[in-house]
Amino acid sequence: MSTYKGFAHYYDRLMEDVDYDMWVDYLEKIFDTNDTPITTVLEIACGTGNVSNRLAKRGYTVYAADRSEDMLALAQDKALEMGARVRYLHQDMRDIRLDAPVDCIICVCDGMNYILDDDDMEKVCKGVYNNLNAGGLFAFDMNSHYKISEIIGSNTFGHSGEEISYVWENYYDSGTRICEYYLTFFEKVDANLYRKFEETHRQKAYLTGEMEKLLKKNKLKIIGVYGAFTFESPGEGCERVQYVVKRDSI
Ligand SMILES: C[S@@+](CC[C@H](N)C(=O)[O-])C[C@H]1O[C@@H](n2cnc3c(N)ncnc32)[C@H](O)[C@@H]1O
């Protein structure tokens, strides 16, 4: 079953409480920590372009990639509407291909948790290394092990809205640390009729030590692990962990 297809068209509505301006402010603060200026950025798993379009409007040269054509189409429409110049690419993050390397690669709002095993994570790391300038940054956030195992895992959530309602059932396997999300949507067609559609998503809960090993194996070095939107170590109840990683200068 494909992901971010029917859901793509409601993604922004269901994310309306997320403050993307603040998220981009935080990313820019991370960029500012680098000793060489960041002017070119690739966003992997860019979704509907909420971050990429904003970065382009702030003057960066932006490439943005996702594997969902529906998410990309929405991102492109929004870019056109707001006059943001972003080069959108239909690419899986396990196979990143750019014509020229960039200063920074970002992955925002837990896209990296969709990578479910070490082999695939290594493909992502290799792609990052090969498409990043020496001294460049890789900044990504992940849903924490705590959030996936304790908050999302094996719980059911629901939302009842005027146009769209959903039930979100989750099953967490502590052996694989993979959580399966069964999403059932009910989309209003007319006053008395709702269309039902379903998607299954899978995310893996990673531990910092294991990310460090996978990155290091691919010549990428963690220079900061923070509770998201801060520059402090993630505390026990941290739900989103921000990684800042550097490609060596040589
Ligand atoms: C939670 S959304 C985040 C979207 C966006 N970054 C944001 O901040 O709103 C996750 C995105 O990851 C994308 N994705 C998941 N696995 C992927 C993969 N292997 N390669 C590229 N994109 C992927 C999905 O299509 C989806 O757009």
Side-chain angles (χ1 to χ4, degrees), residues 1-28 30 41-56 62-79 82 84 86-98 104-128 131 138-144 147-148 152 157 166 168 170 178-181 183 185 199-206 214 228-229 239-243:
M1 191 184 293
S2 44
T3 58
Y4 292 100
K5 212 165 161 48
F7 177 28
H9 302 278
Y10 293 100
Y11 181 79
D12 282 341
R13 209 171 302 177
L14 298 174
M15 295 292 277
E16 67 192 0
D17 291 339
V18 176
D19 186 345
Y20 280 104
D21 288 320
M22 182 274 287
W23 212 323
V24 174
D25 291 345
Y26 177 59
L27 288 168
E28 283 199 291
I30 293 175
V41 179
L42 164 69
E43 183 182 9
I44 53 175
C46 66
T48 58
N50 288 318
V51 167
S52 284
N53 290 343
R54 282 174 171 79
L55 284 172
V62 184
Y63 301 85
D66 201 282
R67 73 172 171 193
S68 158
E69 288 181 287
D70 293 64
M71 294 292 262
L72 284 173
L74 289 157
Q76 261 162 334
D77 286 350
K78 282 157 61 182
M82 63 195 270
V86 175
R87 172 119 190 259
Y88 280 104
L89 308 162
H90 185 217
Q91 277 185 20
D92 193 297
M93 64 174 133
R94 292 166 294 183
D95 184 23
I96 304 170
R97 282 163 288 115
L98 293 180
C104 185
I105 297 182
I106 56 172
C107 189
V108 178
C109 198
D110 53 74
M112 289 283 280
N113 292 97
Y114 281 89
I115 300 299
L116 301 180
D117 62 48
D118 287 3
D119 286 349
D120 280 349
M121 192 57 91
E122 284 210 39
K123 287 183 191 156
V124 176
C125 293
K126 277 196 175 69
V128 166
N131 290 279
F138 178 31
F140 62 92
D141 64 82
M142 284 184 140
N143 278 332
S144 68
K147 182 179 180 187
I148 291 186
I152 305 179
F157 303 92
Y166 68 79
W168 176 20
N170 305 315
I178 291 175
C179 194
E180 299 203 315
Y181 308 153
L183 290 146
F185 296 92
E199 290 197 4
T200 303
H201 294 212
R202 285 181 191 83
Q203 284 197 325
K204 180 167 175 174
Y206 284 89
L214 288 164
F229 314 117
E239 295 186 22
R240 187 173 296 285
V241 180
Q242 178 69 47
Y243 289 85

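Remember, it's 1-based here, ligands and their atoms both numbered in the order they're listed. Fair warning: this is a prediction, and the values are worked out from it, not measured in the lab.
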Check ligand 1 for close polar pairs with the protein: N or O on both sides, less than 3.5 Å.
unit_1   : atom_1 : unit_2 : atom_2 : d
ligand 1 : 6 (N)  : E43    : OE2    : 3.3
ligand 1 : 6 (N)  : A45    : O      : 2.8
ligand 1 : 6 (N)  : V108   : O      : 2.9
ligand 1 : 9 (O)  : Y11    : OH     : 2.8
ligand 1 : 9 (O)  : Y20    : OH     : 2.7
ligand 1 : 16 (N) : R67    : NE     : 3.4
ligand 1 : 16 (N) : R67    : NH2    : 3.4
ligand 1 : 19 (N) : D92    : OD1    : 3.0
ligand 1 : 20 (N) : M93    : N      : 2.8
ligand 1 : 22 (N) : R67    : N      : 3.3
ligand 1 : 25 (O) : D66    : OD1    : 2.6
ligand 1 : 27 (O) : D66    : OD1    : 3.4
ligand 1 : 27 (O) : D66    : OD2    : 2.7

Partner residues of [X] under the side-chain hydrogen bond (donor to acceptor under 3.5 Å, both in side chains) criterion, sequence neighbours left out:
{"X": "E122", "result": "K217"}
{"X": "N131", "result": "none"}
{"X": "K78", "result": "D12, T48, N50"}

Next item on the list: Evaluate the side-chain proximity of R54 to V51: yes if any heavy-atom separation is below 4.5 Å, no if none is.
Entry: no
Notebook entry, point to check: Would K5 count as a cation-pi partner of F7, with NZ or CZ less than 6.0 Å from the six-membered ring centre and within 45° of the ring normal?
Noted result: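 Not satisfied by the 6.0 Å and 45° rule.
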Notebook entry, point to check: Where is the tightest heavy-atom contact between D141 and C109, given as atom of each residue plus distance?
Noted result: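 Smallest heavy-atom distance, with atoms named: OD2-N, 2.8 Å.
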